[in-house]
Amino acid sequence: EARIAACSGSFDPVTYGHLDIFARAAQLYDEVWVAVFHNASKNALFSVEERVELLKETTADLPNVRVASFQGLVVDFCQKHGAAVLVRGVRAASDFDYELQMAQMNYGLAGIETVFIPTNPLYSFLSSSMVKDVTKWGGDVSSHVPEIVQSRLIERLRQE
Ligand SMILES: O=C(O)c1ccc2[nH]nc(Br)c2c1
């Protein structure tokens with residue numbers, strides 16, 4: 001019986017912090033589904049299609065990692081893909097309150113367990129929103145995101 005996990009987020013855009021979590025989850029589970037949240041409500045910089053495409057390109061080296069978008073409850077995504085576990089990266093104690101609430105809710109809703117992976121300290125300050133802001137004002141984010149992501153960010157944020 002394959003052990004399948006899901007990693008959910010908006011990934012607007014994917015960073016090395018996310019990719020580190022995916023790679024480590026892919027070591028722990030037979031299959032990992034990266035679940036891209038449509039989050040139509042929040043004004044994402046990249047469309048869900050662009051976010052899915054960047055994730056597929058940047059996880060191409062992980063053979064047991066799949067990418068798909070979803071709307072609604074993450075537990076429904078898990079049940080659809082046979083994932084019994086949600087994997088979440090935790091960067092700092094400040095992440096934990098919200099993560100704990102969501103984990104308890106998701107277990108209550110559908111018996112989906114949550115596994116927390118402490119982020120590599122290298123990336124514990126990293127967030128997609130910071131990467132967007134730094135790129136917008138001319139900063140170099142090449143140590144925080146893959147080259148393809150940086151070029152899409154520049155293309156999108158620096159209207160010459
Ligand atoms: O990029 C973000 O906003 C973000 C949020 C929450 C997160 N937990 N673990 C990681 Br890696 C991570 C990244």
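Whatever order the structure lists ligands and atoms in, that order sets their numbers, starting from 1.
- In this structure a side-chain-to-backbone donor-acceptor pair under 3.5 Å is missing from Arg66 to Glu31.
- Contact annotation: Thr119 has at least one heavy atom less than 4.0 Å from an atom of ligand 1.
- Taking hydrophobic clusters as Ile, Leu, Val, Met, Phe, Trp and Tyr residues chained together by side-chain heavy-atom distances below 4.5 Å, Val65 shares a cluster with Leu55.
- In summary, the atoms of ligand 1 found under 4.0 Å from a heavy atom of His18, numbered by their order in the structure, are 1 (O), 2 (C), 4 (C), 11 (Br), 13 (C).
- Annotation: atom 4 (C) of ligand 1 to nearest protein heavy atom, Arg91 NH1, 3.5 Å.
- Below 30°, between 30° and 60°, or above 60°: for Phe70 and Phe37 the angle between ring planes is between 30° and 60°, a tilted geometry.
- Between Arg24 and Asp20 there is a salt bridge, since a side-chain N of the basic residue sits under 4.0 Å from a carboxylate O of the acidic one.
- Among all protein heavy atoms, the one lying closest to atom 1 (O) of ligand 1 is Ser128 N, 2.9 Å.
- Distance from atom 9 (N) of ligand 1 to its nearest protein heavy atom, with residue and atom name: Gly89 O, 2.9 Å.
- Relative ring orientation between Trp33 and Phe77 is described as perpendicular, the plane-to-plane angle rising above 60° on a 0-90° scale split at 30° and 60°.
- Those atoms of ligand 1 with a heavy atom of Gly17 less than 4.0 angstrom away are 11 (Br).
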